[in-house]
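What you are looking at is a predicted structure, and each value in this text was computed from that prediction instead of being measured. Per chain, numbering begins at 1; letters A, B, ... match sequence-line order.
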2 protein chains.
Amino acid sequence: MSDLGRELSTAVVAFHEAVGAHLGVTAVDQRALALIGRHGPMTAGDLAKRINLTPGAVTGVVDRLERAGLARRHPDPADRRRVLVTAVGGVLGDLFSGLNAAMGELTARYTPEQQQLIADWVTRTVEVLHEQTARLTTRHQPRRNRPPRANDEV
Amino acid sequence: MSDLGRELSTAVVAFHEAVGAHLGVTAVDQRALALIGRHGPMTAGDLAKRINLTPGAVTGVVDRLERAGLARRHPDPADRRRVLVTAVGGVLGDLFSGLNAAMGELTARYTPEQQQLIADWVTRTVEVLHEQTARLTTRHQPRRNRPPRANDEV
DNA sequence: CCTTTTAGTTCAGTGTACTGAAATATCAGG
DNA sequence: CCTGATATTTCAGTACACTGAACTAAAAGG
């Protein structure tokens, strides 16, 4: 069972990497996208704080996301200095459509009760992962062979 | 439910990134490690073919894995030109111990039948992910804003 | 208004992982 | 042995994402 978890983990990571390579965006870019996907439109500055990057770096992140058609810059009508970054569903949806369809087929094979059970397990697993990720990022400080990486919450 | 999948996905990726940052290894390094973890000890050349990297790059990969204590170089007794790269369980085990413990607790909450159901779902999900990853990496060629990345099977 | 603060982009410099080629060491065959 | 093939490392060059600082633009507050 713990082997299965490892397999799931690597499969998920491999898929994410494939998506990133396909679209020409980095892992950090994808984290930023997930962030605005979850929290809604966000200013570049907020994004910088969230993913622990300098404003200059965020410009690059958003550039790549825009070029890939995954996000768009939107001037804030209330404050014209600010730039709101919004996620664009279309392209990513296209890419994930195959996955979503296949997963839909898969879930359809289970009864509602079973689906409920699986959803429950997934929810708790996500919680565990968040806890363990936090444990890694806060308790120990990273080993610095390489430059400091953006590895905060997502 | 598809939202849940997305959340699980990002949580998994975040954890992996945290581990990588903590140990000073890249995502590619981790893929290489997963590879030798699954297929057993492997020569540097095989590793190069598998992850689609030049031999020179593989030297760097193995260097980092060794430095992190995740792998070890082992001369092939049969052919002293070759270098067998073997995974070392200890360090990674320590890192994942928290996760494994937490996941163990989590699974213990379910009945054996329920565990079986979950395992079944996970297995099928892994299959789906592999298919979809293959679809991305083979059918379409990557968009090349950036240099070609190592994104093959894992 | 005029100054100060804030938001974002631009730009030069840096670190790192990659490629491709040269170098080194070992095997295999006449 | 000696030659040619094979496995890995070393090394120079390159690409890229990041930092930190300068710059532009807009808000805020006397």
Whole angstroms only, please: what is the NE2-C1' distance between A/H74 and C/dG8?
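Computing the A/H74:NE2 to C/dG8:C1' distance gives 17 Å.
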In whole angstroms, how far is the P atom of C/dC18 from the CD1 atom of B/I51?
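Checked: the CD1 to P distance equals 8 Å.
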Under the rule for salt bridge (Lys or Arg N to Asp or Glu O under 4.0 Å), what residues qualify as partners of B/E105, not counting sequence neighbours?
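Scan of B/E105 (salt bridge (Lys or Arg N to Asp or Glu O under 4.0 Å), adjacent residues dropped) gives none.
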Specify the separation, in whole Å, of atom CG of A/D76 and atom C1' of D/dA27.
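Rounding to the nearest Å, CG of A/D76 and C1' of D/dA27 are 12 Å apart.
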Protein-nucleotide distance (B/L84, atom CG; C/dT26, atom P), rounded to Å:
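From B/L84 CG to C/dT26 P: 16 Å.
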Out of C/dT9, C/dA17, D/dT9, which has the shortest distance to the side chain of A/T59?
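It is C/dT9.
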Rounded to whole angstroms, how far apart are CG on A/L47 and C1' on D/dC18?
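A/L47 atom CG is separated from D/dC18 atom C1' by 15 Å.
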Presence of salt bridge, A/E66 and A/R72, under 4.0 angstrom
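A/E66 and A/R72: not salt-bridged.
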Nucleotide nearest A/R81 when distance is taken to its side chain, options D/dA27, C/dT10, C/dT26:
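So the nucleotide nearest the side chain must be D/dA27.
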Atom-to-atom span, CG of B/N52 to C1' of C/dA17 - whole angstrom
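Value for this atom pair: 15 Å.
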For A/D29 and A/T26, which I'm curious about, is there any donor-acceptor pair between the side chains at under 3.5 Å?
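Yes, side-chain donor-acceptor contact under 3.5 Å.
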If you only use heavy atoms from C-beta on, which nucleotide in D/dT8, C/dC18, D/dA27 is closest to the side chain of B/L53?
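Of the candidates, C/dC18 comes closest.
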Kindly say whether A/Y110 contributes a backbone atom to a donor-acceptor pair with the side chain of A/Q115 at under 3.5 angstrom?
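Checking the backbone N and O of A/Y110 against the side chain of A/Q115, a donor-acceptor pair under 3.5 Å is found.
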Is there side-chain contact between A/V13 and A/E17, with at least one heavy-atom pair below 4.5 Å?
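Yes - at least one pair of side-chain heavy atoms lies under 4.5 Å apart.
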Minimum-distance nucleotide to B/V83 side chain [options: D/dT9, C/dT19, C/dT9]
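Per side-chain heavy atoms of B/V83, the pick is D/dT9.
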Taking atom C1' of D/dT8 as reference, at what distance in whole Å does atom NZ of B/K49 sit?
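My rounded result for the distance is 12 Å.
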Assign A/A44 to base, sugar-phosphate, or nothing according to its heavy-atom contacts below 4.0 angstrom with the strands shown.
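Counting heavy atoms under 4.0 Å across all strands, the contact made by A/A44 is with sugar-phosphate only.
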State which of D/dG20, D/dT8, C/dA7 makes the closest approach to the side chain of A/R82.
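That would be C/dA7.
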Whole-Å gap separating P (C/dA17) and CZ (B/R67):
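Checked: the CZ to P distance equals 8 Å.
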Quick check on C/dA17: is either OP1 or OP2 less than 4.0 Å from any side-chain nitrogen or oxygen of B/R64?
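For C/dA17, OP1/OP2 do have a side-chain N/O of B/R64 under 4.0 Å.
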Considering heavy-atom distances to DNA chain D, does B/V58 or A/P77 have its closest nucleotide positioned more toward the 5' end?
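The residue whose closest nucleotide sits nearer the 5' end is B/V58.
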For DNA chain C, whose closest nucleotide is more 5', that of A/P55 or that of B/G60?
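Closer to the 5' end of DNA chain C: A/P55.
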State whether B/R80 places a side-chain N or O below 4.0 Å from either non-bridging phosphate oxygen (OP1 or OP2) of D/dA7.
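No, no such contact exists.
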Any side-chain N or O of B/R73 below 4.0 angstrom from OP1/OP2 of D/dA7?
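Result: no.
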